[in-house]
Amino acid sequence: MNDKKKRLAVFCSGTGSNFKALFHAIIERALPAEIVLCLSNRSQCGAMDFAREYEIESLHLSETQFRTYDEFASAMLQALRERRIDLIMLAGYLRKIPDAVIAAYPEKIVNIHPSLLPQFGGHGMYGMRVHEAVIASGETRSGATVHFVNEEYDKGRIIKQNHVPVLPDDTPETLAERVLLCEHRLYPAALEKLLDEQP
Ligand code: GRF
């Protein structure tokens with residue numbers, strides 16, 4: 001493992017429970033990484049509050065602040081370059097990453113998805129929709145997947161997966177809770193693996 005700390009940006013839109021899990025794991029396991037930026041399309045959300053509380057730079061960046069999508073993409077790229085970001089971790093970021101950013105960070109952008117990809121992934125499959133689809137399908141296993149981000153939704157190379165059972169009396173909400181707990185263990189483990197593999 002390279003001991004030089006990797007500079008991480010975490011992208012969030014919501015509560016940021018995965019962001020918190022990553023943050024605590026980095027400290028507790030002394031991982032060679034530092035979260036230097038929390039970027040969100042929302043100025044107010046749990047993730048941004050957490051960043052402010054722990055004095056991590058929080059950056060509100062949204063398409064609505066720019067005249068064109070290209071200007072938004074350039075601003076995101078510039079923000080990442082200025083901060084010398086090595087890895088981008090998506091943690092409940094509900095926006096598409098601009099293609100220009102994906103092209104500039106090949107296999108350096110990571111996402112966590114609440115199903116066992118390639119099942120129940122793709123455009124429009126996020127949040128409770130995933131768990132509703134899993135239950136409707138009659139699957140007895142679900143789980144979470146950490147994968148690289150490429151131009152296609154949820155299709156990038158898989159880094160790590162963990163599974164959980166789907167119980168006969170599960171609702172989408174009870175399954176979501178079980179999967180989220182699984183994510184909180186999986187994402188730090190995947191980051192650790194990734195850091196081990198970084199040059
Ligand atoms: C998680 O279920 C994750 O898989 C998905 O968005 C949710 C984020 O939750 N990408 P949180 O904001 O980390 O609590």
Side-chain angles (χ1 to χ4, degrees), residues 8-27 33 35 37-54 56 58-62 87-98 101-102 108-135 139 141-166 170-194:
L8 268 47
V10 183
F11 285 23
C12 305
S13 302
T15 61
S17 69
N18 277 294
F19 168 30
K20 295 170 197 172
L22 287 171
F23 176 82
H24 291 303
I26 288 169
I27 294 171
I35 300 174
L37 178 67
C38 171
L39 186 148
S40 180
N41 57 303
R42 296 175 59 198
S43 59
Q44 294 291 330
C45 61
M48 291 291 257
D49 290 344
F50 181 81
R52 291 181 191 116
E53 186 182 341
Y54 284 87
I56 297 165
S58 55
L59 178 65
H60 172 218
L61 202 67
S62 155
L87 286 174
I88 299 162
M89 315 287 292
L90 309 185
Y93 182 67
L94 296 178
R95 286 284 184 277
K96 192 177 183 305
I97 302 294
V101 176
I102 294 176
K108 300 290 178 195
I109 307 177
V110 181
N111 183 43
I112 185 157
H113 182 84
S115 77
L116 293 172
L117 290 176
Q119 286 178 294
F120 307 104
H123 188 47
M125 287 300 272
Y126 61 86
M128 218 42 86
R129 292 186 194 182
V130 176
H131 307 298
E132 283 162 4
V134 171
I135 288 178
E139 290 284 342
R141 267 179 19 146
S142 188
T145 304
V146 176
H147 65 96
F148 288 113
V149 172
N150 64 15
E151 291 76 8
E152 286 183 274
Y153 276 107
D154 301 326
K155 290 273 177 64
R157 184 158 70 85
I158 290 174
I159 299 164
K160 216 169 172 45
Q161 288 184 311
N162 265 357
H163 66 265
V164 298
V166 179
D170 261 335
T171 61
E173 288 76 17
T174 58
L175 178 59
E177 268 177 48
R178 193 173 309 119
V179 170
L180 192 60
L181 288 177
C182 164
E183 292 182 41
H184 296 162
R185 292 189 300 273
L186 178 68
Y187 217 1
L191 173 62
E192 194 163 0
K193 178 168 185 263
L194 208 54

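Ligands are counted one by one from 1 in listed order, and the atoms in each one are counted from 1 as well.
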Problem - Residue of the set Asn111, Val101, Asp154 for which side chain to side chain contact (heavy atoms under 4.5 Å, CB included) holds with Val149 - result: Asn111

Handout entry: Minimum-distance protein heavy atom relative to atom 5 (C) of ligand 1
Key = Ile112 O, 3.9 Å

Practice task
Do me a favour and list the nearest non-hydrogen protein atom to atom 7 (C) of ligand 1 with residue, atom name and distance?
Solution key: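 Here the closest protein heavy atom is Gly92 CA, 4.1 Å.
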
Handout entry: Aromatic plane relationship, Phe23 with Phe19 - under 30° parallel, 30 to 60° tilted, over 60° perpendicular
Key = perpendicular

Handout entry: Check: Ser13 main-chain N/O paired with Arg42 side-chain donor or acceptor under 3.5 Å
Key =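 Confirmed, Arg42 side chain pairs with Ser13 backbone.
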
Handout entry: Minimum heavy-atom distance Ser17-His184, with the two atoms named
Key =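 So the minimum-distance heavy-atom pair works out to OG-NE2, 2.7 Å.
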
Handout entry: Protein heavy-atom partner closest to atom 9 (O) of ligand 1 - residue, atom, separation in Å
Key = Asn18 ND2, 4.0 Å

Problem - 4.0 Å heavy-atom contact, Gly16 with ligand 1 - result: yes

Handout entry: Residues Ser142 and His131: side-chain donor-acceptor under 3.5 angstrom
Key = no

Exercise for the section: State the atoms of ligand 1, each with its element, that fall below the 4.0 Å cut-off from a heavy-atom position in Glu183. Expected result: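 Atoms satisfying the 4.0 Å criterion: 1 (C), 2 (O), 3 (C), 4 (O).
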
Handout entry: Contacting atoms of ligand 1, where contact means under 4.0 angstrom from a heavy atom of Ser17
Key = 11 (P), 12 (O), 13 (O), 14 (O)

